[in-house]
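One structure below.
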Amino acid sequence: MGLLNGKVALITGAARGIGKAIALKYASEGADIAFTDLVIDDLAQKTVDEIAAFGHKVQAYASNAANFDETHDVVAKVVADFGKIDILVNNAGITKDGLMLKMTEQQWDAVLAVNLKSAFNFIHAVIPAMMRNKGGSIINMSSVVGVHGNAAQANYAASKAGLIALAKSIGQEMGRKGIRANAIAPGFIETAMTQALPEDVRKEWMERIPLRRGGTPEDIADVATFLASDMSSYVSGQVIQVDGGMNM
Ligand code: NAI
């Protein structure tokens with residue numbers, strides 16, 4: 001018996017990285033998987049194939065999570081294809097780092113749109129389906145920098161802090177409908193996003209982590225499984241830091 005048997009999960013930005021690890025873990029626990037990414041290319045198709053190997057239904061949808069209309073179209077398609085949505089993971093995210101004095105308006109707007117407005121778009125579109133379903137679990141992928149801030153990441157940190165406040169607000173607004181909303185705040189996780197960092201920055205991060213290693217996408221997927229499953233049926237409005245003890 002999987003923890004997510006019979007549930008339908010929609011995960012954004014899941015062609016690779018943390019989103020992909022969550023999709024695979026959810027499928028291994030019995031869920032049917034709908035996921036989005038900007039394009040459904042060979043990489044995304046490979047992810048589809050890996051998920052399908054667990055024997056559950058899977059469908060990938062091309063959409064820009066920052067686009068309100070596209071997002072609503074995708075959610076309508078997922079409901080038509082799967083019949084319901086039990087779990088929404090707002091995972092799609094980007095960085096466009098820079099010190100405030102050098103940060104352009106474009107850097108600010110792009111990061112806020114992809115990281116924060118996207119979650120509004122998907123929650124807005126998914127909530128009617130969850131209400132019909134008499135419940136659901138929404139998980140926003142925040143970051144430790146959304147809790148603590150980070151120099152040269154004002155746009156990213158602000159977007160990730162917004163995702164926490166968004167989860168808490170939805171948790172309060174929708175709790176009586178059986179809908180829970182929580183946030184995960186990963187620390188330094190080994191993905192394409194962090195592989196792009198210079199070696200000295202990586203070293204600095206490692207020195208701050210008591211467990212002395214970067215996290216894996218699977219470390220995040222485990223916590224995302226707990227929050228999606230009935231194991232956390234009395235948990236809402238929380239932010240769980242998954243960071244090797246970097247922030248205590
Ligand atoms: P990644 O860059 O490997 O994967 C992000 C995925 O989102 C990609 O498949 C990308 O194509 C997709 N995406 C980007 N813009 C999109 C858009 N507009 N619409 C739809 N899909 C879009 O990143 P990673 O590391 O897997 O991160 C996943 C989430 O976890 C992000 O929200 C990130 O901010 C967050 N996070 C990551 C940390 C890390 O150390 N890697 C730490 C804290 C948070």
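When a ligand or atom number is given, it counts from 1 through the structure's own listing order.
Close contacts of ligand 1 with Thr194, meaning ligand atoms under 4.0 Å from a residue heavy atom, involve 39 (C), 40 (O), 41 (N). Residue Ser63 approaches ligand 1 through these ligand atoms, each under 4.0 Å from one of its heavy atoms: 19 (N), 20 (C). With ligand atoms numbered from 1 in the order given, ligand 1 contributes 39 (C), 40 (O), 41 (N) to contacts under 4.0 Å with heavy atoms of Ile189. Of all atoms in ligand 1, numbered sequentially from 1 with element shown, those under 4.0 Å from a heavy atom of Tyr156 are 33 (C), 34 (O), 35 (C), 36 (N), 43 (C), 44 (C).
Nearest non-hydrogen protein atom to atom 19 (N) of ligand 1 is Ala65 N, 2.9 Å. Protein heavy atom closest to atom 30 (O) of ligand 1, with residue, atom name and distance, is Met141 CG, 3.3 Å. Closest to atom 18 (N) of ligand 1 among all protein heavy atoms lies Asn64 OD1, 2.8 Å. Among protein heavy atoms, atom 16 (C) of ligand 1 sits closest to Leu38 CG, 3.7 Å. Closest protein heavy atom to atom 44 (C) of ligand 1: Ser142 O, 3.2 Å. Looking only at heavy atoms of the protein, atom 24 (P) of ligand 1 is closest to Thr191 OG1, 3.7 Å. Summary of contacts: the protein heavy atom closest to atom 43 (C) of ligand 1 is Pro186 O, 3.4 Å. Residue, atom and distance of the protein heavy atom nearest to atom 5 (C) of ligand 1 are Gly93 O, 4.0 Å.
Remark: ligand 1 and Ser143 share no N or O pair separated by less than 3.5 Å (distance only, no angle test). On a distance-only criterion, Asn91 and ligand 1 share at least one N/O pair closer than 3.5 Å. Annotation: Ile18 places an N or O atom under 3.5 Å from an N or O atom of ligand 1; distance criterion only.
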### His56 and Tyr26: CA distance, side-chain angles, deciding distance, ring-ring contact (aromatic ring centres under 6.0 Å, His included) verdict
CA-CA 10 Å; His56 303 290; Tyr26 282 7; over 10 Å; no

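Identified under the ring pair (Phe, Tyr, Trp, His ring centres under 6.0 Å) test for residues 175-206, with sequence neighbours left out: Phe188-Trp205.
The shortest distance between side-chain heavy atoms of Thr216 and Glu190 does not fall below 4.5 Å. Here the side chains of Lys7 and Ser229 are not in contact, with every heavy-atom distance at 4.5 Å or above. Contact annotation: the side chain of Lys102 never approaches that of Gln107 to less than 4.5 Å [non-hydrogen atoms, C-beta and beyond]. Residues Asn140 and Ile164 are not in side-chain contact: their nearest non-hydrogen atoms beyond the backbone lie 4.5 Å or more apart. Between Lys96 and Trp108, every side-chain heavy-atom pair lies at or beyond the 4.5 Å cut-off. For the pair Met141/Pro186, a side-chain contact is recorded, criterion being any heavy-atom separation below 4.5 Å from C-beta on. Residues Lys20 and Glu50 have side chains in contact (heavy-atom distance under 4.5 Å, counting atoms from C-beta outward). At least one side-chain heavy atom of Phe122 sits under 4.5 Å from a side-chain heavy atom of Leu10.
For the residues Lys117, Met193, Arg16, Glu70, the heavy atom positioned nearest atom 4 (O) of ligand 1 is part of Arg16. Here atom 6 (C) of ligand 1 lies nearest to Gly13 when heavy atoms of Ala192, Ser118, Gly13 are compared. Here the shortest heavy-atom distance to atom 13 (N) of ligand 1, taken over Asp37, Asn90, Ile22, belongs to Asp37.
For Asp73 (side chain) and Lys77 (main-chain N/O), no donor-acceptor pair under 3.5 Å exists by modelled atom type. For the pair Ser236 (side chain) and Arg180 (backbone), a donor-acceptor distance under 3.5 Å is absent.
Put simply, no part of Ala14 is less than 4.0 Å from ligand 1, judged by heavy atoms. Heavy-atom separations between Ala44 and ligand 1 are all 4.0 Å or longer. At a 4.0 Å cut-off, at least one heavy atom of Ile94 sits close enough to ligand 1 to count as contact. Residue contact check for ligand 1: Lys160 places a non-hydrogen atom closer than 4.0 Å to it.
For the 3.5 Å distance criterion, the side chains of Asn121 and Ser118 fail to qualify, holding no donor opposite an acceptor.
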